[in-house]
Every structure is written in C-alpha cells, then in structure tokens.
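In what follows, a single structure is set out as structure tokens and then discussed.
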Number of protein chains: 2
Amino acid sequence: MATIRDVSKIAGVSVATVSRTLSKPDKVSEKTRQIVHDAIKQTNYKPDILARNFRTRKSSTVVVLVPDIANPFFSRVIRGIEQTAQRLGYAVLLGDTQGERDREITYANMVHTSQADGIIQLDCHIPFEDKNDRTSPIVNACDCVRGTDMPTVQLDNVAAAKEMANHLISLGHTNIGIISGPENSTITNDRLRGFKAALEDGGLSYNSANRMYGDYSIPSGAMAASDLLSLPDAPTAIFCMNDEMAIGAIRQAKKMELNVPSDISISGFDDISFSEFSDPPLTTVSQPAEEFGSNAMQMLYDLMNDEEPANKNIFLPFELVIRESTGEKK
Amino acid sequence: MATIRDVSKIAGVSVATVSRTLSKPDKVSEKTRQIVHDAIKQTNYKPDILARNFRTRKSSTVVVLVPDIANPFFSRVIRGIEQTAQRLGYAVLLGDTQGERDREITYANMVHTSQADGIIQLDCHIPFEDKNDRTSPIVNACDCVRGTDMPTVQLDNVAAAKEMANHLISLGHTNIGIISGPENSTITNDRLRGFKAALEDGGLSYNSANRMYGDYSIPSGAMAASDLLSLPDAPTAIFCMNDEMAIGAIRQAKKMELNVPSDISISGFDDISFSEFSDPPLTTVSQPAEEFGSNAMQMLYDLMNDEEPANKNIFLPFELVIRESTGEKK
DNA sequence: AATTAAAATGTAATTGATTACATTTTTGGG
DNA sequence: CCCAAAAATGTAATCAATTACATTTTAATT
C-alpha cells in the first residue's frame, strides 16, 4: 500500500504538501496540485484512515443509541441518520441498547476514547455516568430528556396526543381508555399530558383506572386491551401510545367479538407502514421518522464542527391520520 | 488522559510490560501484574483505541451491508449481529446500501482501509470491484451469492418454498399464483425452484403468467395481487415470497370483496411479527432471524481470527406456520 | 531594482500503543 | 554453587499521517 511518502517522492514535493493538497487544496498552487494528483493516481494512494484518525483524534464516526433496532419506527429514524451521515462523510456505529444503562454508557464512552465523534441518543436517558458531562457532542432525538441543555429533535407530543384525544372526543366518546408506554419515558408523559388536556377542554375527567401499561409491543397491547375491555364500565375508545400496541388491541377486541370501530374505537401513534394495512386501517399520528434521523445527524454535525446549530430544539410536524379504526360512539 | 508511559512510570516498569500486562497477562509475573494494575487504577488509564487500531491495523469493527434497515426481517438479523458482536468485542458499522452497488463497494472498502476488520453482507451481491477478491473476511447471510466460496448462513429456501407450496396443493389448489421478489435475487430463484418442484411432484404444471413481481413492499404486493386476481383464470391461492407482499395481497383481496381464505388463500414468507396479527393471521414460513445474525457474526469472527470455521455453509431451520390465511379450495 | 508582504513549500516533531529483539532475572538440575 | 534454559523485562523502532514552525518563492508596490 502506497503511503504519503511514496506519493511525495514521485511528485517531488514534501509530505506536507501532499497532505495539504488533500486536506486544504487552496493552500497549494495549481501546478503542484496537479503534480500531486498525478502522483496519487500513479501510486493508487489511499490515505490511511487509521493513521489519520489517530493523529487527528477524530474518527468520522457517530454512535447511535437505540433502544431496539427492530422497532419499525426506530429503524426508519436510523435510515434517516445513515443517509445523512453518509452524505456528510460519517459512518454510523450501531448501539442497540435494549434500554440498558450499562450498554448505553459503554457505547457513549466510545466518544471519550475518540472511537466516535458524537452520539445520537434515541431514548430519554443521559448516557453518561456524570450527568453533567458537557464534553461529548450529543443530540437527543425522538424520546428526549427534559431539563437538560442537550439539543433535541422531537415531536410536540403533547399537542399531537391532544389532537388525537380531541378526535376521539369529537366522535362522542366520553369513556376513553389508554394503553400507555412505560412510565419513565418522556414521550409517555407528554402524550398523557396531551390526552388529559383534551379531556379537560372537553369537560371530561381523567380516570386513572382507565390507564393500562404496555411495553410498545403487539402482545402487550393485546393484554392491556383485554384488561381495559373487561372493566365493569369498559371504555368505548382506546388511545394507544404506539401503533404496535394499537394493532394488538384491535386483535384483542376482535377476539372478544367486538367490532372496530362500531363497538370500540382504537387509535395508534407513529404511523408505521403496517398501520395503513391493518384491518381496519389504523387511525394514528404520523411522524416524519426519517427526518428525525436526518435532522439529528445534521445537528450533531454542526455540534461536532463547533458550529452552533441554528436551533437547538427542533420540533418536527405531525399529522393526524384518520383511517377506519375510530368511529362515532354508538 | 493518562498514557501507557504514565502508567509505566508510576509502576516503575517499561511500557512494554504495561502493554503485555493488558494483552498477554500470562507473560507477566504475578507481582508485576499487580503493580501495573494498581498503577492503571491510580492513573485511571484507558488504552487509546485509536493508537492501538493504528498500530495493529485492526479496528475491532465489522461492517454490515443491508439492503434496507427498515425491513423488519433485516432489522432482526442486525439485532442478532449486534448482540453477538458486542459479546465478542466488536462494534457494528451500519451500511444501508439500498441495494446500490456503489454504496456496497464504498462500505466494503472500509475493510481495505482497515476501518473495519470484516463484512457481513445480507444481500446476494459481491461487494468488490474485483469479483475474486479473497482478502477480506466476509460472510454472506440471508440472501446468498451462488458459485463462490464465500461462507454463508442461509435457509434452505428451496425446501421451505416447496413445503409451503405443498401445503397449498394439499388444500386442493391447482391454480396458484406467485408474487415474486426481484428476479436477480438468489432467494427469489430458490423459492421459485422449490415452488416448481412442489408443482411437479403434485402433477401440476407451472404457468409463468401466474408470476407477478414485487419489491418486497406492501404496496407492491397489493399491486401484484390486483394483477393476479384480475386474470381471466384467476388463481385460488397466492404464494408470496415475503410477508409484506402477502399483507398487501390480503388487503387487495379484501378490497376486491374476496374472502381470505375462503375465496383466496394467501401465504407469506419470513414470519415477521405483524404476520401473527394480520387479519386473517398469515400462514407463512418462520425463520430464526436473530440467529442468521449471530451465526454470521460468529463465523466472521472465526474468519477474522484465522480460524477455519467448523462449517462454511450453515443452514438454519425453518418452520411452516399455518395460520388462517390459507384454507381448502372451494 | 529594492523592499515587503503574502503565498507556497519544506523540515521534522508528534501522536500512543505494539513488538522484535536484546538483556536481565529466575528456576531447577546436577 | 554453577550453568543452561526458560521466564520476565526492557529498549527503541515502528506504524502513516498531520501540522507548527521555518524557509523559500512569488507577487505587489515603490
């Protein structure tokens, strides 16, 4: 493998000039640039990335902390990250954390050892042992920590949930169940707040007995729906905090011989690709998943290059997608 | 940040000894090992990974070439890869190639520049400009190239497709449509072969007019189903080469006022998590997705460490999962 | 042509770990 | 206690780029 020295010898210039030709071409005269490029072609020289990384203390790599790569929403976010990263000349290291703090910290430490230049965190955890670590470039996307100055890319989950709940209320539902995500998630809390706000606006009161917990999986949605629908005073609509749980809930309702939506309305959140094709097609909130990724990556890029990002807290637009899983209360 | 030199000074030994204490502890006396470890603790020394990578020409990183990370089957495979990689001390670089040759080559070149030590390719392409490149450790998983000596982890797609087709035939179907994947894929060819073999065994003849093409997406499945069901002599069963297309096909059948399975049987392939919850639940072939990943990673590990893997062509088991989307011919 | 500033180029140190080879220490058998 | 072999340790080169600083060349101005 040719080194920069081989190139410099062939071109009859110093290694510094070769290096500059590659990294700061405007510092090199037109003539020399030409000579160097010829020599590079002739030797088939490829810069040694490992040597460069070592010397510059940069790796042109970012680490993505994702609770679960197999979640279709997250995998779209990651696709957005990957595409933007590639465009900006960065590689993406995958850190599937399964929500475990140890793994998050392990991966986040790669920044301290310069194996990665920055972090995109898709979960609402701070991946540092020292909570106030302000040295690593990091962007929090999707499910964001509150009360820190970490840059974020998020949805206005309160507003989105409120809009969805309003939709349910406008259909005449007064007894609405919730299938909630885990309690310690910012997303869960925000969506719950939005939900409550809509109830209040509608003159309805919130009944905590109507809240069941799931873990964002289909079976957990089915279980929670079973509990909800077995209540003495069962709800006529169920607000689910993601699409998978809604799909599980629909399944469960059908199993219990209930018609969706005429007996029970069910709404989801995220608009994953299967939702359009569920039976009945799911009413949900669509989010621009890829854009979470591309925005987060772009923002991280600014951070890593010491440019203050224009906006440290990006809010992406959502859209209520009304399909056929919700309908008028009987 | 403390360097190995700081540690050696504190411990009163040479840098070589410190290095050996870490990488080949049995070459160092018990006493020295203790002293060095104390010094490491005292200085909070962490080896500089970049320097080590540079010196050893290794990065402890593997690159995964995946046609589409947002495909639920692939994302499970990647989860398997990630978990095993983490256990073996490797990081996973994500290469979402969108099936584009350029991107595959770009990512695969990271091995030549030592940015990665090996490649896991989930698509049936050879990611090298020189087709006979035998220098990079690489494992081909899921959709595997034929006629090379590349190690593979795959399903016996011929047998699996045959079994599924037999199931359809045993239900009395004689006119069976196919919604096929892209023509240039090994998986597609193998599944088609299995399908034809079953027809032949059943004394049925293959009719190429019954084959429609999709791209593994839900909408493409719906389109293909529409074509198939509009045929003058429409099939009574449809064999789909993945679950997404089957879900699209079911949707389309319903749209055309056909009952699944009493009017039309539809089968899938992969057993993604949504298939169990589709309406009707999908008859499909289940594959151990995570194990594709973990086996591929383990095999790659052997290859990267110059150990001949026990078995260069691993076949993983499949299982016919008969649910409710297939039924007796009327 | 002389002077000076700016541009281009070169020299050589630097980064931090690994490891071939050299040297020292330990071990065990006689 | 001596000696050879084995074990432990040390010395210093090495990996390939970047870059601070020094030097040379070019351009511009008088």
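We name chains A, B, ... by the order of the sequence lines, and we start the count at 1 in each one. The shown structure was predicted, so the numbers you read here are calculated from the model rather than taken from an experiment.
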Distance-only donor-acceptor check, side chains Asp123(B) and Gln121(B), under 3.5 Å: no
Check: Gln115(B) main-chain N/O paired with Ser59(B) side-chain donor or acceptor under 3.5 Å: yes
Check Tyr90(B) against Thr61(B) and note the closest heavy-atom contact, atom names and distance. CD2-N, 3.6 Å
Considering only heavy atoms, which members of residues 10-23 of chain B lie under 4.0 Å from some atom of DNA chain D? Gly12(B), Val13(B), Ser14(B), Val15(B), Ala16(B), Thr17(B), Arg20(B)
Going by atom types only, do Asp96(A) and Gln98(A) share a side-chain donor-acceptor pair under 3.5 Å? yes
Asn313(A) and Thr152(A) have their tightest heavy-atom pair at ND2-OG1, 2.6 Å
How about Ser185(A) and Tyr216(A): do any of their side-chain heavy atoms sit closer than 4.5 Å? yes
Holding to salt bridge (charged side-chain N to carboxylate O under 4.0 Å, His left out), I want the full list of residues that pass it with Arg87(B), two or more places apart in sequence or in another chain. none
Glu30(B)/Arg33(B) salt bridge by N-O under 4.0 Å criterion: yes
Rounding to 10 degrees, work out the angle separating the end axes of the helix from dA1(C)-dT30(D) to dG30(C)-dC1(D) (five pairs an end). 30°
Compute whether any side-chain donor of one residue and acceptor of the other, for Thr43(B) and Asp6(B), lie under 3.5 angstrom apart. no
Output one line per pair: protein atom, nucleotide atom from nucleotides 14-16 of chain D, and distance, for all N/O pairs under 3.5 Å.
| from | atom 1 | to | atom 2 | distance (Å) |
| --- | --- | --- | --- | --- |
| dT14(D) | O2 | Arg55(B) | NH1 | 2.6 |

For Lys24(A) and Lys31(A), take the nucleotide of DNA chain D holding the closest heavy atom to each; which residue's nucleotide lies nearer the 5' end? Lys24(A)
Enumerate the residue pairs fulfilling salt bridge (Lys or Arg N to Asp or Glu O under 4.0 Å) with a member in residues 59-70 of chain B, sequence neighbours excluded, ordered by first and then second residue. Arg79(A)-Asp68(B)
Evaluate the side-chain proximity of Cys142(A) to Phe73(A): yes if any heavy-atom separation is below 4.5 Å, no if none is. yes
Considering every strand and a 4.0 Å limit on heavy-atom distances, what is the contact class for Asp6(A): base, sugar-phosphate, or nothing? nothing
Heavy-atom neighbours of Glu307(A) CD exceed 12 at 6.0 Å: yes
Using a heavy-atom cut-off of 4.0 Å to chain B, what are the terminal contacting nucleotides of DNA chain C, in 5' to 3' order? dG16(C) to dT19(C)
Please confirm whether the backbone N or O of Ile81(A) pairs with a side-chain atom of Thr84(A), one donor and one acceptor, at under 3.5 Å? no
